[in-house]
Structures are given as structure tokens and as C-alpha cells.
Amino acid sequence: MATLGQYVLYNNEILPAAEAQLSVASSAVLYGLSVYSVFFAKHKPESMLAFRIPEHLTRLIQSARMIGLNGAEQFVEDKTFTEQIEKLIAANKPTTDQFFRLTVHATELVPGVKTADLELSFSVFMYEAEPILPADGVRLKTSLWRRTADSAIPARAKVNGAYVNSALAKQDALDAGFDDCLFLNHNGYVSELSAANVFMVKRGELITPDCASDILEGITRRSILELAAQHNIPVVERKVALTELYTADEVFACGTSAFVAAISEVDGRIINGNTTGPITTTLRNALTHAQQDTENAWVHTLPLG
Ligand code: PMP
């Protein structure tokens, strides 16, 4: 279990974690009607270096809009948000790298199954940034559960309730002795992992399922595509067949909580002789470097307080 910060931000207040509670009768609890995002911050002796905050706030608001939760914008005014995160850091005094989970919850009590004009609340908690996958040698199992279709609950929106789909598939993979699942979508094409996007390398090209493959449009995915372009690695977003992964030169997953994780096996097919490939290594190093580079526009320096 990840080490949770003692204090959380809840509706503009810094509170002990135990005091930030949702009602059992709220839409958030009844229907999983909340949207969220998680950003990473690197711990330095005098500051935290937060990665791509504006992109996370934009995705949070877009997730809320997509499912019709109106009024979420009030929580993420750029300046106020950063000031609140600074207060949260000062309260928790982290000594390690952290993940920050931001959630807009529908806290209206028993309104029935609707999404508009509901009371909303906003929380942020932080926890030690332990990766959800090993950095190397990840073993995947194609899930018997398919990715929720864009026409059912859009994976593009980060909706809490939709994560039952991820939990089912991840548990299926864990039960079978694997590290994570690989989701196919309803058309049978490769989609993503339970909480990370997937890439493969074939003949020097970096290929990843496109945004119509029922994926969450990951912020790390976008960073990897941009870093690859900077390294003159050709990138392609398109439909990907499962058997293409079986025969790929390299496969890796990426996400805020997975960083860049090299996949060594998909359904028992060994990738790249069980070793981490050169393009995976280059892009992993590029991401690690970008996350620590105070000159990089993707990084916000927040004082430790
Ligand atoms: N796909 C899913 C289903 C996820 O939950 C995540 C984690 N947020 C990702 C991909 C990766 O997205 P990001 O890089 O924005 O963390």
C-alpha cells in the first residue's frame, strides 16, 4: 500500500485525511460519478518538480465536460490551484517523490442517475510515487475483458466508475500470474493496459494505438511522442493488431504511475529476448530527464515550504 500524505485538500481547505469524507448517499459513491487525474512530482532538497500540471487540469475539466458534470472549472483556476498544492506540500512535508491525485466528485445526495447540475466537491491527496509496474521485464496477458467502448463510457474521460473495467482485467492478469493486462477493444485491436498506454517498436518506427482505439489519451503518451520526435524517432499512431505486438522488436508501457515500463512478454511470447530495447531505454531516459529539468516548460517548481 502506498504511503498516503497525512493532509488532503478538500474544497479549498487543508484537512487531516480522515476528515475529508464523502457521504454513502452521494453520486460519487453510488455510481462512481467522479473524474480524476494523477500527476507526478520529483522530490528535490528544496522543492518539488511537478510534471505537466496544466495538461492534467485540462484533462480533468474535459473529463467532467464529456460526461456532463458542469461547474468543475471553479476548482482549477491556475494560480489558486498551484497555491493550494503548495499549501498541501507544506502541510505534508514529503521526503520522497510523490503522486498527486486530483478528483472532482459529484457529492449530491441521491439525485438519481443524472450528471448535470449536481453539487461537486474537489479533493487532492498525495502519496509516495511507487511505480505500479516493474521498470523492466513486465509480463502481460491479453484480457478476456474488453476495453469499455467509447460509445459506452469513454476511456478518453477519466471517470472513476469506469475503472471497474481496469480492475477486472488487472485482477484477471494477476490471478493468472502476470503483471498486468493488455486490453483489446471491441473491434479486436490493441487498446492499452489497465492504467498505462502501450507502444511498440518495429523496424525503427515507434507505433502506438491511435486515439480512436478506446484509449485514455495519456499525458505521458503525448510526452513520449514529443520526446521521440525530438530524438528523430519516427512515430505512428494507428490501429494495432495483437499479433503485431507478438512480433514487435520492443514493447513498452507508459503512464504517470508506470513511467516507462519495458514489456518482456505478451501472452507467453517473449519480446526482444527478454531484454529492454534501445529505443525503450532512450525514451525512458528522455522522460526521466524531462521530469527533472527545471528549464523545461513541462516542469513547475513548487517550494517545499
Ligand atoms: N490509460 C489508463 C487507463 C490510465 O488510467 C492511465 C493513467 N492515468 C494512462 C493510460 C496513462 O495516462 P497518463 O500518462 O496521463 O498518466
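Read the numbers this way: they start at 1 and go in the same order the structure lists the ligands and their atoms.
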What part of S166 sits under 4.0 Å from ligand 1 if we count only heavy atoms: the side chain, the backbone, both or neither?
neither

Out of G255, G218, A195, who gets a non-hydrogen atom closest to atom 9 (C) of ligand 1?
A195

With heavy atoms of R59 as the reference, note each atom of ligand 1 found under 4.0 Å away.
12 (O), 13 (P), 15 (O)

Evaluate the side-chain hydrogen bond (donor to acceptor under 3.5 Å, both in side chains) criterion for residues E108 and S27: first the C-alpha distance (whole Å), next the side-chain angles of each, then the deciding distance (0.1 Å), finally the verdict.
CA-CA 6 Å; E108 188 96 6; S27 289; over 6 Å; no

Heavy atom of R222, distance to ligand 1 below 4.0 Å
no

Looking only at non-hydrogen atoms, which of H56, E192, E217 approaches atom 1 (N) of ligand 1 most closely?
E192

Mind checking whether I85 and I14 sit in one hydrophobic cluster, side chains of I, L, V, M, F, W, Y counted as touching below 4.5 Å?
yes

Tell me, with the steps shown, if W145 and F183 meet ring-ring contact (aromatic ring centres under 6.0 Å, His included).
CA-CA 7 Å; W145 301 99; F183 270 124; 9.4 Å; no

Closest to atom 11 (C) of ligand 1 (heavy atoms only, candidates I132, N197, N165) is N197

Worked verdict on K170 versus D180 for side chain to side chain contact (heavy atoms under 4.5 Å, CB included)
CA-CA 5 Å; K170 174 99 182 188; D180 204 345; 3.3 Å; yes

For atom 3 (C) of ligand 1, which protein heavy atom lies nearest, and how many Å away is it?
R147 NH2, 3.2 Å

Are Y127 and F99 close enough that their ring centers fall under 6.0 Å?
yes

Can you tell which of T220, I224, I215 gets a heavy atom nearest to atom 14 (O) of ligand 1?
T220

Residue and atom name of the nearest protein heavy atom (relative to atom 8 (N) of ligand 1), distance in Å to one decimal:
K158 NZ, 2.8 Å

Any nitrogen or oxygen of T256, main chain or side chain, under 3.5 Å from a nitrogen or oxygen of ligand 1?
yes

Proximity flag S194 to ligand 1, non-hydrogen atoms under 4.0 Å
yes

Geometric class of the H105/Y10 ring pair [parallel <30°, tilted 30-60°, perpendicular >60°]:
tilted

Flag the pair K141 and D175 as a salt bridge only when some basic side-chain nitrogen lies within less than 4.0 angstrom of an acidic carboxylate oxygen.
no

Which of the numbered atoms in ligand 1 are under 4.0 angstrom from any heavy atom belonging to Y163?
2 (C), 3 (C), 4 (C), 5 (O)

For a side chain to side chain donor-acceptor pair (under 3.5 Å) with D97, tell me which candidate from Q291, H43, K42 qualifies.
K42

